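Working notes for the structure below.
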Protein chains: 2
Amino acid sequence: MTADAPITNVGADDRLDGPFEPNVFARDCGSRAAFEAITGRWTSLVLIALVEGPHRFGELRRRVDGVSEKMLSQSLHALEREGLLTRTDHGTLPPRVDYALTPLGVEVAGRLRALADVLQDTVPLFEAARAEYDGQ
Amino acid sequence: MTADAPITNVGADDRLDGPFEPNVFARDCGSRAAFEAITGRWTSLVLIALVEGPHRFGELRRRVDGVSEKMLSQSLHALEREGLLTRTDHGTLPPRVDYALTPLGVEVAGRLRALADVLQDTVPLFEAARAEYDGQ
DNA sequence: CAGGATCCGGAGCGATACTG
DNA sequence: CAGTATCGCTCCGGATCCTG
């Protein structure tokens, strides 16, 4: 991205009715930041896992196959920052911390869950597509 | 991930009715691969852009604010490989190549678009959540 | 059990230059 | 216009150790 290139995709792009129409395509839009947080490699899976209800740290680590403690912790912080989940420290010993979706988190995670369901139901199509593409 | 840790999250996890129930949480599941391809930083935005109809390379580059040519090209190949979009080279001069969603791509992209709409409509909530989190 | 701190290799990614 | 090739750097992310 050269500095002299005029960027006109920041504010109102396709619909210029409002003064500042939020636009995921725009780099500086708040929705884009939220979108990138949600579509993170691990964050999305964490959100989906929480659709079934609150989870503890260890539960999530076991549920999301392959995630390291570091990345799980990092993902949870990111999602908490975006207001998609809440962290509840019971302050007991041994420690117990629960992660649960906020109302907005429920809305978002539900859609991710639905998306994942579509993918799970069409696994054969993906296998075929990959084989086709790799074959030639 | 230690090697001796028994991983039992590969196949049937929460529902063990079928022989091999696809599971996004499982590392080796085809749906997980598709999910990671879809939720890539740029791939998701490309898919959303294509909901409005076929686009040329340059159009996409201008539409998806901040993407480099390299990453756009790479993202398009990945999505084509997953069978979510088709590439049509008209073979003319100057060259013209169109990218369009497959039926499966329409299904997936539509859901991403809906998700993005939610985020765009709740931008203020994210701003507030971030301010709250950063403040303390 | 919940996670912070640190090290470090490799993947991700942008910038630039070049081709048909 | 539609890409590919190459360089170089950032930072993702896993492994490991440590604490309350």
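Because the structure is a prediction, the values reported are computed rather than measured. Only this structure's heavy atoms are used, side chains among them; waters, hydrogens and symmetry mates stay out. Reminder, nothing fancy here: chain letters follow the sequence lines and each chain counts from 1.
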Quick one: do A/Glu52 and A/Arg63 make a salt bridge, cutoff under 4.0 Å?
yes

Please list each protein N or O that sits under 3.5 Å from an N or O in nucleotides 18-20 of chain D, with the distance.
none

Residues forming a side chain to side chain contact (heavy atoms under 4.5 Å, CB included) with B/Ala100, sequence neighbours excluded:
B/Pro54, B/Thr86

List in chain and number order the residues that pass side chain to side chain contact (heavy atoms under 4.5 Å, CB included) with A/Ser31, two or more places apart in sequence or in another chain; answer none if no residue qualifies.
A/Val24, A/Cys29, B/Leu119, B/Gln120, B/Val123

What does the inter-axis angle of the helix from C/dC1-D/dG20 to C/dG20-D/dC1 come out as, five pairs per end, nearest 10 degrees?
50°

Please name all residues satisfying side-chain hydrogen bond (donor to acceptor under 3.5 Å, both in side chains) with [X], sequence neighbours left out, ordered by chain then number.
X: B/Glu36; result: B/Arg32
X: A/Arg41; result: none
X: A/Arg61; result: none
X: A/Glu59; result: none

If I compare all heavy atoms of B/Arg130 with all of A/Ala34, which pair ends up nearest, and what's the gap?
NH1-N, 4.1 Å

At their closest point, which heavy atom of A/Ala114 faces which heavy atom of B/Arg111, and how far apart are they?
CB-NH1, 3.5 Å

Show the atom names and distances, to 0.1 Å, of all donor-acceptor pairs under 3.5 Å that link a side chain in residues 69-76 of chain A to residues at least two apart or in another chain.
from: A/Ser75; atom 1: OG; to: A/Met71; atom 2: O; distance (Å): 2.7

Compare side-chain N and O positions of A/Arg96 against OP1 and OP2 of C/dA2 and report whether any pair is under 4.0 Å apart.
no

With the criterion being N/O to N/O and under 3.5 Å, what pairs connect the protein with nucleotides 3-7 of chain C, and how long is each?
from: C/dG3; atom 1: OP1; to: A/Arg87; atom 2: NH1; distance (Å): 2.0
from: C/dG3; atom 1: OP1; to: A/Tyr99; atom 2: OH; distance (Å): 3.0
from: C/dG3; atom 1: OP2; to: A/Tyr99; atom 2: OH; distance (Å): 2.7
from: C/dG3; atom 1: N7; to: A/Glu69; atom 2: OE1; distance (Å): 3.3
from: C/dG4; atom 1: OP2; to: A/Ser73; atom 2: OG; distance (Å): 2.9
from: C/dG4; atom 1: OP2; to: A/His77; atom 2: NE2; distance (Å): 2.9

Rounded to whole Å, please give me the gap between [atom1] in [X] and [atom2] in [N].
X: A/Arg61; N: C/dA2; atom1: CZ; atom2: P; value: 9 Å
X: A/Met71; N: C/dA2; atom1: CE; atom2: P; value: 19 Å
X: B/Leu72; N: C/dG12; atom1: CG; atom2: P; value: 17 Å
X: B/His55; N: D/dG3; atom1: NE2; atom2: P; value: 15 Å

List in chain and number order the residues that pass salt bridge (charged side-chain N to carboxylate O under 4.0 Å, His left out) with A/Arg96, two or more places apart in sequence or in another chain; answer none if no residue qualifies.
A/Asp98

Interface residues of residues 39-48 of chain B with DNA chain C (non-hydrogen, below 4.0 angstrom)
B/Arg41, B/Trp42

Please check: side-chain N/O of A/Thr102 versus main-chain N/O of A/Gly105, any donor-acceptor pairing under 3.5 Å?
yes

Give the C-alpha distance, both sets of side-chain angles, the deciding distance and a yes or no for side-chain contact (heavy atoms from CB on, under 4.5 Å) between B/Tyr99 and B/Glu80.
CA-CA 9 Å; B/Tyr99 294 94; B/Glu80 187 189 1; 5.7 Å; no

